[in-house]
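First comes the structure, then the notes that go with it.
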Amino acid sequence: MDSESLLLSLELASGSGQGLSPDRRASLLTSLLLVKRDYRYERVLFWGRILGLVADYYIAQGLGEDQLGERKSLYSLNCMEWSLLPPATEEMAAQTAVVKGRFMGDPSHEYEHIEMQRMTEGDRTYEDEVVIQIKEESRLVSVIDQIDKAVAIIPRGALFKTPFGPVHVNRTFEGLTLADSKKLSSYFHFVEPVELKNKSLLEKADLDPSLDFMDSLEHDIPKGSWSIQMERGNALVVLRSLLWPGLTFYHAPRTKNHGYIYVGTGEKNIDLPFML
Amino acid sequence: MEEQPQDEKKSQSRRQSLETREAQDRRRTLSQTPSVTGPTDVSARGSRGSLGAPPSRGSPGLPLSQKSSGAPGSQGSLGAPGEEATEGKPMESVPQMGSQSLHHLVGFVPSDVSMPETYAPMGGSQFGPYQPMDMSSDTFQPEPLLSSSSYLEEDEGSHGPYTIDDPLFRGSYMEPSFGPLDYELPEPEPRELMIQNAKAYLLKTSVKCDLSLYEHLVNLLTKILNERPEDPLAILESMNRTVQQDWFHKKLDTLRDDPEMQPTYEMAEKQKILFLRGAGEGEQEMEEEMTEIPVPNIIESAFYFEQAGVGLNSDETFRIFLSLKQLVEQQPVQKCRFWGKILGLQRNYLVAEVEFREGEEEEEEEEAEELVEGAGEGMEGRGEEEGEEDEEKDVDEPPKPTWKPPPVIPREDSRTGANKYLYFVCNEPGRPWTKLPHVTPAQIVNARKIKKFFTGHLDTPIVSYPPFPGTEASYLRAQIARISAGTQISPLGFYQFGEEEGDEEEEGGAGRDSYEENPDFEGIPVAELVDSLANWVHHTQHILPQGRCTWVNPNQKSEEEEELGEEGEKADELEEVEQEIGPPLLTPLSEDAEILQLAPWTARLSCPLCPQYSVAMIRSNLWPGAYAYAIGRKFENIYIGWGHKYSQENFNPTLPPAVQTEYVIGPETMEMADPTVEEEQALKAAQEQALAAAEEEEEDEEDEEDEDADD
């Protein structure tokens, strides 16, 4: 959610039960402003909160001119002092995929993972147990990246692509209509498209290249991993992800307000196919 | 419509300003007389609408490339009543047309009425080519009616040399009434023809609609000029789209309701009823309400939970409060508590925990039981008839299975154990509350084995393995029971056991199951509550693996059946069932089992920045979504979540049981291979050897006996 409309966004997203206490809200308002100034970001989004055992991580993201460009993530333990996180790489993702369980809440905590590795010494090859240390910070980075790639969403029309390439916020976005807001196809993943290129030319002919340049939620696997609800009697549409429980996206139809927030444990819900 | 010609005019006038100056000079000498008639027209028109408009237009000045020197002067003169303006300077006004057109661009006031004022000093002509599209309407929407031909027609009454020096008019069929001036009007150049053609092309209406490109561009530019966005070029395409949409999707009439908003309005109506107080309220009722209504103070709890960062926002909480009040009025409720919110796929559930007044609920229970029994008797009657028929047949019957289903564990009585409270659910505040049925142990046992999302509709069937005995209502109730048993906690000392305690042995080792509030409880300091988990205790009974809170030996009933039924078979199958014991009531949290080295509870101060006023908040790691707060003498539990337990490993559904054996496996039923010839011979040889050995022994013995006998 945009840091500029933080309070309103928190109100609208509170249907999932998790919010922020007043002192956190106050500190966020101040500190995000300073972050925007110090790092020279165009927009600062409050991404959410990852619940750890000892402490919680508060995550914010900064965007440059190009909305789909590189995103910098920052974390804080007390909503006041923010530290930049390194960008996510594939090796990090592979490495941290083995770590399971809750986050500790201490960024310097190291998970120990025991792996059997083949070592060759001369003629002999034997398997040896190797203890790999994985830092919680890398785990945090890759989890944020995974969540972003999987479930960060934006309504259709909120961003548009200019002919030169960069993606901008659409100032004339008036909101989705009520009928559109109940359809999954009106929402896009807020990342570089993956499936768009695989669409047939027939399908692409109906798309508007300045608005439909991201993947829509329609073809997400598993089917049914989004729960769409209208709250407040149709005045607010809330999408909750079932794959990463804790991600809430809200949008007030016919208005410009939209945003998403993740408040959860940072673990994927692998049991989803059984639960549907 | 006004803008476009002015644009053209501007560029053209720049090009042709030199030319026009010469023409103007010539006209200057000749236009004295016609200008007399001008002022009258002007004044007539001047009485309409705002004369004040021209001055405002005059002031933006002339950063425009008009080279006429008289321009500032004549601009000022335009502000004055038109009479002076026209006198002597109609020719000046011609270049003013160019500058005015620019003025229109710069300082445009969207009132079409003033437009003709500027043309008034042009003398004679009704309206120039800048005739506003709609004189009467206030909006700037041009109508598709007027096209290039219309204003051309109107100019027939005008005098040639006094019309505006509009290149568009050159070469038109407008006859100049003064012959000698003909030669002074320049021939229509190819360029002007091109311009006319271009404009005609732009005015062509589109096939799909009545809009022409020309009008659309006018709309677009008008919108941009009206709204003045910051970087118009960057958002040009979006504005383009918006203008197109606006044209096609006009707002609905005020007489008709918006069909899309219908459900919203319905919901709002329902919620309005909540806010209205019942009819016939008097002061007496007010007093009654203040004392007796057992509606919980959830607004206060919501405030404390908010300090901890949990909970719904304040207006939703208030609506929940009002709907709880409605529930309390409709049902005979003695105690009521807001249990929490369970999220579902399509709708959510708001759950209220309720205790009925004594005696109210049992009537309903009895009715339900009678129904069940009646149904059972009906079944039995039918069974007997079938039995008689079978006896007649007697012979060709398939073997009856000897498997008897395991005995059904009876559910706990109301107000005890897992059924201590009654639960009501509703989907949204304003909708009616539905009562959930009591939970049976079988449901709890099955609920532990499956993991399903709630859809939000109570009658959805649960399709799972092992098959869940019931619909979503029962599954919901079972989960509520499990969550309550696992996460309802209170500070140590808030509840204490009653003084009349039965012997533990009498109750079958189940422990005490009742508690009462401790009037002397003084509250534990928040810091201590956060530091040590031993300061919190569970105040709901743990549910045993059997599915109940108090253990029941399932074989007790089977003994009764033994007496009635056959003997012998049952005795073999009677298993030794161990009594299941769970932790007793009011166990501190420190005794809770860990989840794979993970602490089951996390306790925090709500606000580390001001510890003296903060609230102790504790959340469960086993049931994510369960929270409790405590401060001083107040505490409360709430659950907001999906309704599932947390487990680090993946969910492994129960596998179906192995295929049952049809027959006993043994030598009688197993097929054995016949011995081969070699084996038989070998066996024979072995037997003969054994015989031979036996004979030799006999002979040896006989020999020995003989020898002995001989001696």
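Every chain is numbered from 1 and lettered A, B, ... according to where its sequence line falls, protein lines coming before strand lines.
At a 4.5 Å heavy-atom cutoff, the contact between A/Leu272 and chain B is made by side-chain atoms alone. Both the backbone and the side chain of A/Leu53 come within contact range of chain B, each with at least one heavy atom under 4.5 Å from a heavy atom of that chain. Of the atoms belonging to B/Asn652, not a single heavy atom falls under 4.5 Å from chain A. Residue A/Asn78 does not touch chain B at all, counting heavy-atom pairs closer than 4.5 Å. For A/Leu276, the parts sitting under 4.5 Å from any heavy atom of chain B are the backbone and the side chain alike. Neither the backbone nor the side chain of A/Leu12 comes within contact range of chain B; no heavy atom of the residue lies under 4.5 Å from a heavy atom of that chain. At a 4.5 Å heavy-atom cutoff, A/Glu174 makes no contact with chain B through either its backbone or its side chain. Only the backbone of A/Val54 comes within contact range of chain B, with heavy atoms under 4.5 Å apart. For chain A, the nearby part of B/Tyr627 is the side chain; its heavy atoms alone come within less than 4.5 Å. The contact between A/Arg24 and chain B is made entirely by side chain atoms (from C-beta outward), counting heavy-atom distances below 4.5 Å.
Across B/Glu306, B/Arg347, B/Glu428, the residue that shares the most heavy-atom pairs under 4.5 angstrom with chain A is B/Glu306. Between chain B and the options A/Pro245, A/Pro22, A/Gly264, heavy-atom pairs under 4.5 Å are most frequent for A/Pro22. Counting heavy-atom pairs closer than 4.5 Å to chain A, the top residue among B/Lys341, B/Glu316, B/Arg319 is B/Lys341. The residue among A/Leu211, A/Leu51, A/Thr265 with the most heavy atom pairs within less than 4.5 Å of chain B is A/Leu51.
The closest side-chain heavy-atom distance from A/Phe274 to B/Ile450 is not below 4.5 Å. Taking the side chain as every heavy atom from C-beta outward, B/His644 and A/Asp271 never approach each other to under 4.5 Å. Residues B/Trp642 and A/Met275 are not in side-chain contact: their nearest non-hydrogen atoms beyond the backbone lie 4.5 Å or more apart. Side-chain contact between B/Leu345 and A/Leu242 is present, with heavy atoms from C-beta onward closer than 4.5 Å. Side-chain contact check for A/Gln229 versus B/Leu343: every heavy-atom pair is 4.5 Å or farther apart.
Separating the CZ atom in A/Arg102 from the OG1 atom in B/Thr602 is a distance of 6.0 Å, to the nearest 0.5 Å. Atom CD of residue A/Glu11 and atom CG of residue B/Leu312 lie 11.0 Å apart, to the nearest 0.5 angstrom. For the atom pair B/Asn348 CG and A/Ser227 OG, the distance stands at 7.0 Å (nearest 0.5 Å). Atom OG of A/Ser21 sits about 8.5 Å away from atom CE of B/Met617, to the nearest 0.5 Å.
For B/Tyr613, the OH atom sits in a loose shell: 12 or fewer heavy atoms of surrounding residues, nucleotides or ligands are nearer than 6.0 Å. Within a 6.0 Å radius of NZ in B/Lys223, other residues, nucleotides and ligands contribute more than 12 heavy atoms. Heavy-atom contacts from other residues, nucleotides or ligands closer than 6.0 Å to CD of A/Glu218 number more than 12.
Side-chain atoms of A/Arg240 never come within 3.5 Å of backbone atoms of B/Gly344 as a donor-acceptor pair (strictly under, hydrogens ignored).
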